[in-house]
Amino acid sequence: MNNSTDEIIKAKGLPSDAVVCGVDRGGHRALLYSLGIEKEEMSRPFIAVVNSWNEIVPGCAPLREIASFVKRGISEAGGLPFEFCTIGVCDGLAQGHRGMSYSLPSREVIADSIEIMLKAHCFDGAVFLGSCDKIIPGMLMAALRVNIPSIFVQSGPMQNGCYKGQKLSMPSLREYTGKYFEAEISKAELEKIEKCTMPTQGSCAMLGTANSMSCVVETLGLGLPMTATTPPFTSQKRQEAVTAGRRIVSLTREGMRPRDYVNKNSIENALKVGFAIGSSTNLVLHMSEIAREAGVGISLAEMDEISAATPYISKVHPSGTVPFNDLNAAGGVPAILQSLGDLLHGEERTVSGKSIREIAEAADWEDKNIIRPRENPFHSSGSLKVLWGSLAPDGAVVKQSGVAENMRVHRGPAVVFENMEEAVEAVEHGTIEKGSVVVIRNEGPIGGPGMREMQLVTTLMVGTGLSDTTALVTDGRFSGATRGPCIGHISPEAALGGPIAYVRNGDIISIDLNKGTLEIEVDGDELRQRASVSARRSRPAADGVLGSFVEHYLRKSEEKERCL
């Protein structure tokens with residue numbers, strides 16, 4: 001009897017052969033027959049359609065339709081699509097309460113769950129359908145970890161709202177909330193603004209983490225040109241989805257994998273594009289992990305150097321008045337690539353089959369006011385600034401593109417809060433004196449736990465006018481929707497005994513974005529004395545997912561200490 005592996009299904013030379021080829025795989029084939037799959041289809045490449053669709057995240061809601069067009073393209077090209085979903089958290093809905101503790105940990109769950117599905121079922125290729133916040137970073141981590149042929153399709157941005165001629169997005173709304181607390185608008189007017197801020201589904205019309213990471217996908221070479229900015233429910237997005245479905249089958253047959261595209265040069269390209277348009281400071285968290293999955297090192301100091309050498313060419317909301325969805329008509333990421341020109345590594349390849357240089361040269365750069373030529377930037381350096389000093393020995397980050405000129409240098413007394421809720425209450429009740437430095441601690445990855453975003457307090461500070469004179473520093477992090485003098489990621493965090501743990505009310509803190517410094521004007525001996533007599537705040541009890549996340553970060557901290 002012939003027991004060769006091609007006796008029933010001919011081997012394809014792909015991972016899925018392990019599932020369908022050989023007489024001893026009869027049970028496997030029977031399971032596939034139960035799904036309605038025919039014998040002929042089993043000889044096709046098995047393509048995963050990795051979807052983050054759900055009914056509570058507005059950015060994910062369009063992905064069910066997009067998936068149908070992707071699957072059509074896969075089938076037309078001779079592949080066999082299998083769709084499954086992963087989780088997704090809406091940071092907007094999780095803001096301002098303990099739910100935000102689960103946002104950053106969700107990235108690890110997304111990456112792990114996708115790895116399990118792709119590996120367990122021996123997929124030959126994958127199309128990733130992503131959108132908001134931690135979904136795209138988690139998907140990128142999984143794609144690089146599993147390293148089978150992959151392509152990304154984003155849901156695309158929602159349309160911006162409009163009120164009395166002002167273009168609106170999420171941060172605008174929260175700033176109006178601040179105006180309500182200042183009695184500048186009525187509750188009825190605030191409700192009217194709420195109803196018109198987000199008129200369609202899609203990722204929020206600002207340069208938050210979702211859209212920042214969509215631009216990263218495109219620049220890394222893992223998405224087709226314009227995928228970051230094409231809005232959902234349009235013929236352009238549907239055509240893109242079909243094209244991506246067809247293209248993944250070709251990539252599978254060609255054997256092109258994510259690590260063939262993602263390397264030190266492409267990571268530098270992605271950071272330059274992000275810093276050129278004022279992307280979220282969450283790029284620091286995500287690009288570090290993405291680079292690690294690709295086997296590439298990228299340090300905080302290197303990111304600072306890249307930003308310093310990159311011109312700031314597009315003022316997208318919240319740093320400017322342009323909503324993210326306006327970038328599409330202006331030329332999208334290809335136009336940004338064209339503007340940056342030879343500042344990028346143009347030879348890097350992409351899943352489209354074209355190089356970064358070729359995509360840039362073919363760009364339809366329609367609006368040179370929204371996307372400026374690099375010779376005429378808004379600022380000579382990019383949006384990220386890393387600060388170092390006695391308050392942040394291991395660094396801290398700020399989106400300098402969102403900081404007013406008068407607040408680039410600031411010195412003031414500390415007003416200390418042990419968590420975000422305390423600070424929000426103080427802003428709402430008007431108890432913070434202008435000129436202060438608001439310090440929010442115990443919000444880091446371990447101390448939070450989960451490293452919550454401080455967006456609620458930052459937008460309230462903007463809305464009440466407090467950010468014109470008052471800075472904020474925290475070991476937590478910020479949404480891309482944040483603007484103003486807000487410094488986050490202070491490291492070491494309070495839970496690890498960083499200097500921020502020992503700041504007292506009235507201590508003078510000095511900030512200088514021009515020099516890149518963040519100092520507490522307290523003698524080093526005095527800080528050490530405080531540390532020696534202070535009972536460090538015990539970490540909050542963390543079990544389940546949060547407990548695993550804390551252990552993950554503790555291991556990373558210990559590894560860093562060993563390296564030092």
Side-chain angles (χ1 to χ4, degrees), residues 48-54 57-63 66-67 70 85-92 94 103-115 118 126-146 150-158 202-204 206-224 226-232 237 240-241 244 258 261-262 266-267 269-271 273-274 277 279-294 324 332-333 350-351 453 477 479-481:
V49 179
V50 186
N51 202 343
S52 55
W53 173 84
N54 60 61
V57 181
C60 296
L63 291 172
I66 292 171
V70 168
C85 284
T86 186
I87 64 167
V89 171
C90 176
D91 279 19
S103 176
L104 186 56
S106 76
R107 182 188 69 182
E108 320 305 319
V109 174
I110 290 164
D112 292 348
S113 67
I114 295 171
E115 176 190 0
L118 295 181
V127 182
F128 292 85
L129 306 184
S131 179
C132 296
D133 301 302
K134 310 308 169 288
I135 298 170
I136 296 174
M139 287 182 164
L140 282 167
M141 290 163 61
L144 288 161
R145 189 183 301 169
V146 178
S150 301
I151 193 168
F152 281 67
V153 180
Q154 321 312 343
S155 67
M158 66 172 61
S203 54
C204 294
M206 61 178 183
L207 203 52
T209 306
N211 291 322
S212 298
M213 294 308 301
S214 289
C215 293
V216 162
V217 163
E218 216 177 302
T219 313
L220 285 175
L222 296 179
L224 296 173
M226 302 297 291
T227 185
T229 56
T230 306
K237 180 60 73 177
E240 173 198 320
Y261 302 104
V262 181
S266 62
I267 286 170
N269 283 346
L271 288 169
V273 166
I277 60 177
S279 287
S280 168
T281 51
N282 283 321
L283 242 62
V284 171
L285 289 172
H286 300 320
M287 291 305 292
S288 298
E289 290 298 309
I290 290 163
R292 186 180 62 81
E293 295 285 1
F324 183 81
V333 171
T350 74
V351 292
E453 289 181 347
R477 61 191 178 91
S479 161

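What you see is a predicted model, and the numbers here were worked out from it, not measured in a lab.
- For the pair Cys60/Ile135, a side-chain contact is recorded, criterion being any heavy-atom separation below 4.5 Å from C-beta on.
- Residues Cys215 and Val273 share a closest heavy-atom pair of CB-CG1, 4.5 Å.
- Residues Ile267 and Leu220 have side chains in contact (heavy-atom distance under 4.5 Å, counting atoms from C-beta outward).
- The side-chain contact (heavy atoms from CB on, under 4.5 Å) check on Asn51 picks up Trp53, Leu63, Ala67, Glu83, Cys85, Leu129, with sequence neighbours excluded.
- With contacts defined as side-chain heavy-atom distances shorter than 4.5 Å, the pair His286/Met141 does not qualify.
- Contact check for Ser266 versus Tyr261: no side-chain heavy atoms found under the 4.5 Å cut-off.
- A 4.5 Å side-chain heavy-atom check between Phe128 and Ile114 finds at least one atom pair inside the cut-off.
- Shown here are the side-chain contact (heavy atoms from CB on, under 4.5 Å) partners of Ser106, two or more places apart in sequence or in another chain: Ile87, Val89, Ile110, Lys134.
- Contact detail for Arg477 and Ser103: the closest heavy-atom pair is NH2-OG, 3.6 Å.
- Contact detail for Pro137 and Arg107: the closest heavy-atom pair is CB-CD, 3.9 Å.
- Inter-residue side-chain proximity for Thr219 and Val333 is flagged as met; some heavy-atom pair is nearer than 4.5 Å.
- Nearest heavy atoms, Ser279 versus Leu283: CB-CD2, 4.0 Å.
- Interatomic distance, CG of Leu104 versus CD of Glu289, reported as 9.0 Å (0.5 Å rounding).
- A donor-acceptor contact shorter than 3.5 Å is absent between the side chain of Ser214 and the backbone of Gln154.
- With hydrogens and angles disregarded, no donor-acceptor distance shorter than 3.5 Å links the side chain of Glu293 to the backbone of Leu144.
- Annotation: side chain to side chain donor-acceptor pair (under 3.5 Å) contacts of Ser52 (sequence neighbours excluded): none.
- Taken to the nearest 0.5 Å, the CG atom of Asn282 stands 7.5 Å off from the CG atom of Asp91.
- Judged by distance alone, the side chain of Ser203 and the main-chain N or O of Gly59 form no donor-acceptor pair under 3.5 Å.
- Shortest non-hydrogen contact noted between Ala270 and Met287 is CB-CE, 4.0 Å.
- Side chains of Met213 and Leu140 form a contact here, defined as non-hydrogen atoms less than 4.5 Å apart.
- Residue Ala210 comes nearest to Ile136 through the heavy atom pair O-CD1, 3.9 Å, listed as atom of the first residue, atom of the second, then distance.
- When atom types are taken as modelled, the side chain of Glu218 and the backbone of Met226 share a donor-acceptor pair closer than 3.5 angstrom.
- Remark: Ile66 CD1 to Lys237 NZ distance equals 5.5 Å, nearest 0.5 Å.
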Checklist line | Ser155/Ser131 under side chain to side chain donor-acceptor pair (under 3.5 Å): CA gap, chis, key distance, verdict | finding: CA-CA 6 Å; Ser155 67; Ser131 179; 3.1 Å; yes
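- A heavy-atom distance below 4.5 Å is not found between the side chains of Cys132 and Cys90.
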